[in-house]
Structure formats: structure tokens, C-alpha cells
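Letters A, B, ... mirror the listed sequences (proteins, then strands); counts begin at 1. Computed from a predicted model, the values in this text were never measured in an experiment.
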2 protein chains.
Amino acid sequence: MIRILLVEDQAMMRGALAVLLGLEDDLEVVAQVGTGTEIVPTALEVRPDVALLDIELPGISGLEAARELAARLPECRVMILTTFSRPGYVREAMAAGAVGFLVKDGPVEELADAIRRVLRGETVLDPALAAATLRAAPNPLTARERDVLAASEDGSSIADIAGRLFLSPSTVRNYLSAAIGKTGTRNKTEAALAARRNGWLG
Amino acid sequence: MIRILLVEDQAMMRGALAVLLGLEDDLEVVAQVGTGTEIVPTALEVRPDVALLDIELPGISGLEAARELAARLPECRVMILTTFSRPGYVREAMAAGAVGFLVKDGPVEELADAIRRVLRGETVLDPALAAATLRAAPNPLTARERDVLAASEDGSSIADIAGRLFLSPSTVRNYLSAAIGKTGTRNKTEAALAARRNGWLG
DNA sequence: AGCGGCCACTGACAATTGTCACCGCCGGGT
DNA sequence: ACCCGGCGGTGACAATTGTCAGTGGCCGCT
């Protein structure tokens, strides 16, 4: 019996997947949670064979949780199940020690089988996705540039961002200018969107 | 046997829901599609009792499809199943003649039951959501203001937007200024985000 | 010890954006 | 016939944003 921890923030998706996986007679969903913060505590308690993690979650992200699980519960395989096949996500997932990366617009039928393959020691990663990730440029942004872009995602003015990050407005403008250059965009809004699309903002 | 047309763009979600609904012995998913454009043709062909529609879809939106279904296949009940409980969405769904509005972060268990209730002639709509929708201001934006905001969502400059909509840049700035005023925001990025959040951009 | 990269900041400048007042045109009510 | 509201536009102005050049401090590498 393969013991699964299911992590997904959308309750209906989570419930549907749990029912679905429960129908397989070698699989068992031993816990399901909807936030990032619950992942590690729950995993330490129920000691699942596999953790199936969404990335974009309330609390900490699935990628951070994956890193922590690798350190604190190394016998638990980590698989990522996400809406977005952003190059940065794939890269980070692999770096965090995940052994599977599935995209939610693939067929459901693949899911149970992917879990079994991971338990047999295989790594599950769509070859086309792997190739696209390798082809894409790795994250060229510095930590500060990421901070500033993330803070500008809600349309804040430079003055707001500076206030929130305790930086001078001029400094913020310089980071934004650098980010605009690196992303090949024309203003901070486009830069933030591009960085988000590439999975460069965590 | 209740015959269901299932519309949802995320394949894994669609597949999982189909399996789940198929487990109920009075429900039958007679067709499933993943784009807005397929909805009406498929419905006319399979003549379902209920169409369960996502809103944000490739092609036309679920709300547009709902309007068309009401006109061309009035015996088919329309239910909306969406991620976002945006006031504008609820309003438009009801105006389009939908008899159910479900949010994807509710429990799966409710889904099958909601379908049965709709078939018995009930309207399914969370009272708290209904209240919140009535409390929220109705869409104050004119058609042009919506166009301009939608065109600015990708961070385009005013000149770009003007080119795309065949308007003078000054006109675009005037519409944006009006939209910024009506949304109570400080610049076009915030205005576009606010309008999107309220479900004012379709 | 010297070099390069990132961080934090300043000041100057140009370009873009946001506001306002004002123009005419049209279509719907009353 | 009149008014109102939406549409499309102009020009002027202020504020914000983006670019560039330059200052230092700090850290890691060779």
C-alpha cells in the first residue's frame, strides 16, 4: 500500500483527487492539507511514502516545503503537481530533490501511474518540458531585483515599494531598471509579469 | 439518469470530476470539453440536462456560452463552477439565466447534490456569496473603459493600447483616467487589477 | 592586494503617465 | 426642442517612471 500525502489548495480539486486515488487498490491517501504551512508537520506525523505537492499555496510555497521535506524526511519522495509549467518551477523542483513533476492539464489517468513509477525509483518528468526548461535561460535576477519585482506586482508606485522594502526610491528605480533590462521588457509591469511567467519570483 | 455536459479547461480537474460524477448512479457525464468554443455545438448535439461551466476558458468565456445556451437550448440548466467568487461573475451568471453558482474551493461532496437540486428546480447559490454580491457595487465602467483596461492588463504602454484599439493616445489616457477614478486606484496597473478582481472585465 | 559582483544610494535628464478643461458628435429620454 | 451621457478628440500641465553615470561598502576569489 502506497501512503500518499496530498497537498492542494483548491478544496474541490483536492477532494476529487483524493477520491480518485482512493479508487486504486494499491494507493491510500493518508492525509490531505490545503496550505503550505501544514505540509511539514503533517508529513512528520503521518510519514507518507509520497508527498504530492501543489506549488502556489497559502503560507509557504510547495517548493520551499519540498526543500524542507528533503532535509527532514528524506525517505519521503516528493512530487510536484502544478498548474504552471514555468521553467523556473521545474528547475527549482529538481534542485529541491523532487522526483516527479506533473502538470494539471495532463490526463488524470497518468497520475496514479506516475506515483507508482516514482515509488519504483523512476523520475517522472515530461521530456518536452525538461527540454524546454533546459532551453530557457536560468533566472538572471538578483535577490534584490526579485524582491522589488514581487513588490511591484500589485501595481504599487515606486515610492510605495521603497517604503515597504525600506529602500530609497532611487535604489528601487535602479533595481527595476536592471530587471527591465534583464527581462527584455519596457516597464515595471511587463517586467513583473515576465518574471512571474518564468517562475523567477518563487 | 441526469445527463451532464462538463466544461473545464484543466484536463486533470475535468477528468477527476468526470470520474467522480460517474460514480453516482443517477448521474452521467455525456460529454466533456475543454474550450469555450466547443460548448454550444456540443450541447446542441448531446442535449444534456445540465451544463456545468467553468468561466475562464480558452475561446469564449463560460458566461457568454451561458447566454447563448439560454437562447438556443432553454431546456438545458446552466450551472457555473469557477475558481473565483467575483461579484461581477455572480451577477452576470444570474443575468445569463444560470441556476447554480459553485466555487471550486467548496467541498466536492456538494457537487453531485447541487446538480440534483438544480434538476429539482432549485437555484443553488451560497447565501453569503449572494449577499456579498449585492453589497458590492455593480460594474461602473463603460464599454470603452473596459476595453482599455483589458488592453492594459499586460503592461502595455498607452501608445500600444491606442494602436491596438485604433484610438488616439489622448483618448486612451482619458478613459484610463476615468477608470482609475471609478476604481479608486492610483494608476492603470492597479485599476486593471481591481477591475479584474471584481469581475468587471468579462 | 587586487578584481568583480552585488548592494545601496545620489543627482540629472528624458520619456511616459495621469489630470484637467474643453471641443464636437451622436442617440435616448422627457 | 432640450438635456444628458457616452464616445473621440486636443492641448497644457504636473507627477511618476525609466535611464544613465557615478559614489562607496562589503564579500569572495585568486
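Of the side-chain N and O atoms in B:Thr142, none sit less than 4.0 angstrom from OP1 or OP2 of D:dG5. Look at A:Ser177 and you'll find a side-chain N or O under 4.0 angstrom from OP1 or OP2 of D:dT19. Side-chain N/O atoms of B:Ser170 include none lying less than 4.0 angstrom from OP1 or OP2 on D:dG9. For B:Arg144, a side-chain nitrogen or oxygen approaches OP1 or OP2 of D:dG8 to under 4.0 Å.
At a threshold of 4.0 angstrom between heavy atoms, the contacts of B:Arg173 include nucleobase atoms, whether or not backbone atoms are also involved. Heavy atoms of A:Ser157 sit under 4.0 angstrom from primed sugar atoms or phosphate atoms, though from no base atom. Within the 4.0 angstrom heavy-atom criterion, base atoms lie near A:Thr171.
Closest to the B:Lys188 side chain, of the nucleotides D:dG8, C:dC6, C:dG18, is C:dG18. Checking D:dT10, C:dC9, C:dC7 against every side-chain atom of A:Leu167, the shortest atom distance belongs to C:dC9.
Between B:Glu145 atom CD and C:dG18 atom P there is a gap of 14 Å when expressed in whole angstrom units. Atom P of nucleotide D:dT16 and atom CG of A:Asp160 are separated by 10 Å, given to the nearest angstrom. Rounding to whole angstrom units, CD1 of residue A:Ile161 and P of C:dA8 are separated by 15 Å. Distance B:Tyr175 OH to C:dG18 P: 17 Å, rounded to the nearest Å. Here D:dT19 presents its P atom at 10 Å from CZ of A:Arg186, a figure rounded to the nearest Å. In this structure, A:Ile158 atom CD1 and C:dT16 atom P are separated by 15 Å, rounded to whole Å. Computed from coordinates, the B:Leu176 CG to D:dG8 P distance equals 14 Å when rounded to whole Å. One interatomic measurement links the two molecules: CD1 of A:Ile180 to P of C:dA15, which rounds to 16 Å at whole-angstrom precision.
If you find the closest nucleotide of DNA chain D to B:Ser168 and to A:Gly155, the one lying nearer the 5' end belongs to B:Ser168. Projected onto DNA chain C by closest heavy-atom contact, A:Phe166 and A:Lys182 fall at different nucleotides, the more 5' of which corresponds to A:Lys182.
Side-chain N/O atoms of B:Asn174 and base N/O atoms of D:dT10 include a donor-acceptor pair closer than 3.5 Å.
In this structure, A:Glu68 pairs ionically with A:Arg72, as a charged nitrogen and a carboxylate oxygen lie closer than 4.0 Å. Salt-bridge check for A:Lys188 with A:Glu153: failed, with every basic side-chain N at 4.0 Å or more from each acidic carboxylate O. A salt bridge links B:Arg116 to B:Asp26: one of the charged nitrogens lies within less than 4.0 Å of a carboxylate oxygen. Salt bridge annotation for B:Glu122-B:Arg117: present, with a cationic side-chain nitrogen under 4.0 angstrom from a carboxylate oxygen.
Between the side chain of A:Arg146 and the main chain of A:Leu201, no donor-acceptor pair closer than 3.5 Å is present.
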